[in-house]
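Data block below; observations after.
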Amino acid sequence: MNRKTLMIQDKLTNLCPLFSTTAVECVKGMFGKSCEIKMPWEVVEQLQGEFDRILTLGSSSKRFRAITCAGIQDDSLCSFLDQQNVSTAYASDILGEFVNTYTGMLADNDEFRVSFGTLEQAVPVLYTNGHSYLPFIWGIQGYIYIGIHWVYIGYSIRENTPLS
Amino acid sequence: MEPLSEKTTKHTVVFVDDSSFIINRLDRFFREQLDFTVLGQGRDGNDAIALYEKHLPDLLTLDISMPNKRGNDAAKEIVSKHPEAKIMIISAVRGNEILECLSLGVKGYMEKPLRFEDQAYVNDFLETVHEIFPELKSAKG
């Protein structure tokens with residue numbers, strides 16, 4: 001593992017509590033719902049998971065590139081929104097706004113900014129049936145629970161190389 | 001997307017955000033809490049420019065992170081042509097882009113999430129709108 005990767009891994013480890021508590025605040029703020037963290041979030045070599053729907057949002061600066069993603073099963077999404085069915089368009093709308101807001105809240109945190117600076121957010125992309133692009137770079141992942149239902153959240157980041 | 005068009009003596013607003021979830025919440029808040037008339041809704045920076053030109057609303061609310069054209073770029077174009085434009089940024093984006101918008105002449109900023117269940121946030125939101133339209137505050141007493 002090179003020095004840059006070790007540096008990022010170290011920063012992510014320190015920021016783990018921030019990522020999980022920010023997710024809880026974001027759900028509470030957006031939907032007025034309380035949720036909980038049942039298992040500690042973890043730093044992983046690659047974000048992993050297969051979900052009915054997964055939404056990714058890229059962000060970047062001169063120094064870093066990152067992806068925030070949220071994954072959810074259809075039954076959880078319906079329960080979460082108190083609806084019988086959720087169209088792909090509405091799922092994209094809700095998850096996109098959630099990931100966008102979550103990423104913005106992270107970026108607003110001093111601890112995050114000291115570690116990674118300010119990254120400009122791109123436009124969210126929704127994938128369905130588990131088809132998603134999760135790059136092989138270090139990240140933080142974890143779940144938030146509302147009752148028995150959960151949402152997966154991941155954030156991976158790498159430092160730009162001269163060729164990237 | 002642009003469902004409404006009516007001119008009244010009430011203050012008027014156009015919302016631009018790529019999320020219909022957010023637009024619906026703003027629509028309800030501005031109608032119920034501020035008694036604004038909603039003239040239109042758009043989904044990106046290009047819509048913002050077109051809707052502003054078409055309606056010349058009293059207030060334009062703009063998200064920053066949107067497809068096709070970002071809100072800060074749309075604000076820049078609108079303010080350069082209409083220096084009197086009253087634009088309020090409502091976004092999850094923080095930092096330099098917001099400072100850049102305010103330096104361009106954007107009148108107000110509120111952060112997402114829209115915590116309309118939180119009275120402190122609601123008060124802050126109303127105060128921001130009242131700073132843009134002081135007559136609303138005096139009318140309310």
Side-chain angles (χ1 to χ4, degrees), chain A residues 22-35 55-62 66 68 70 77 80-83 86-114 116-126, chain B residues 1 15-29 41-48 61-74 76 89-102 109-125:
Chain A
T22 301
V24 172
E25 286 170 24
C26 188
V27 169
K28 177 77 177 165
M30 267 189 79
F31 305 106
K33 292 193 175 186
S34 296
C35 58
L55 186 135
T56 65
L57 172 75
S59 50
S60 64
S61 65
K62 283 184 180 170
T68 315
L77 186 60
F80 195 59
L81 298 173
D82 300 319
Q83 297 190 8
V86 176
S87 68
T88 297
Y90 193 55
S92 176
D93 190 312
I94 292 286
L95 287 175
E97 192 56 31
F98 174 74
V99 170
N100 190 31
T101 303
Y102 174 65
T103 306
M105 290 172 77
L106 286 173
D108 194 37
N109 182 277
D110 289 341
E111 220 180 333
F112 181 92
R113 275 205 304 269
V114 166
F116 297 118
T118 302
L119 283 73
E120 186 171 305
Q121 293 169 217
V123 176
V125 181
L126 178 73
Chain B
M1 189 167 71
F15 306 119
V16 178
D17 195 300
D18 59 343
S19 165
S20 58
F21 173 74
I22 293 297
I23 284 185
N24 290 341
R25 300 195 73 200
L26 287 174
D27 186 288
R28 187 170 171 189
F29 185 83
Q41 305 172 351
R43 290 306 190 91
D44 62 21
N46 293 325
D47 285 351
T61 76
L62 263 182
D63 188 14
I64 294 279
S65 184
M66 295 187 288
N68 304 320
K69 187 184 289 264
R70 293 173 72 80
N72 46 340
D73 294 329
K76 197 173 186 176
I89 299 291
I90 301 173
S91 177
V93 170
R94 272 78 162 167
N96 291 339
E97 282 185 292
I98 299 302
L99 296 177
E100 180 196 335
C101 285
L102 293 171
Y109 163 69
M110 281 304 295
E111 64 183 24
K112 292 180 184 174
L114 299 177
R115 298 190 303 271
F116 289 148
E117 292 78 17
D118 175 351
Q119 193 56 48
Y121 181 85
V122 169
N123 291 343
D124 196 15
F125 200 111

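Quick caveat, the model's predicted, so the values are computed rather than measured. The figures here come from the full heavy-atom set of this structure, side chains too, leaving out hydrogens, waters and symmetry mates. Numbered from 1 within each chain, the chains take letters A, B, ... in sequence-line order.
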Once you round to the nearest 0.5 Å, how far does [atom1] of [X] lie from [atom2] of [Y]?
{"X": "B/S20", "Y": "A/I94", "atom1": "OG", "atom2": "CD1", "answer": "7.0 Å"}
{"X": "A/F31", "Y": "B/E117", "atom1": "CZ", "atom2": "CD", "answer": "11.0 Å"}
{"X": "B/F21", "Y": "A/D93", "atom1": "CZ", "atom2": "CG", "answer": "8.5 Å"}
{"X": "A/M30", "Y": "B/K112", "atom1": "CE", "atom2": "NZ", "answer": "8.0 Å"}
{"X": "A/T101", "Y": "B/I22", "atom1": "OG1", "atom2": "CD1", "answer": "6.0 Å"}
{"X": "A/L57", "Y": "B/S65", "atom1": "CG", "atom2": "OG", "answer": "6.5 Å"}

### chain B contact via A/A89 - side chain, backbone, both or neither, heavy atoms under 4.5 Å
neither
### Side chain / backbone / both / neither for A/Y90 at chain B, heavy atoms under 4.5 Å
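For A/Y90, the contact with chain B is made by the side chain alone.
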### Query
Under a 4.0 Å N-O cut-off, is there an ion pair linking B/R25 with A/E97?
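A/E97 and B/R25: not salt-bridged.
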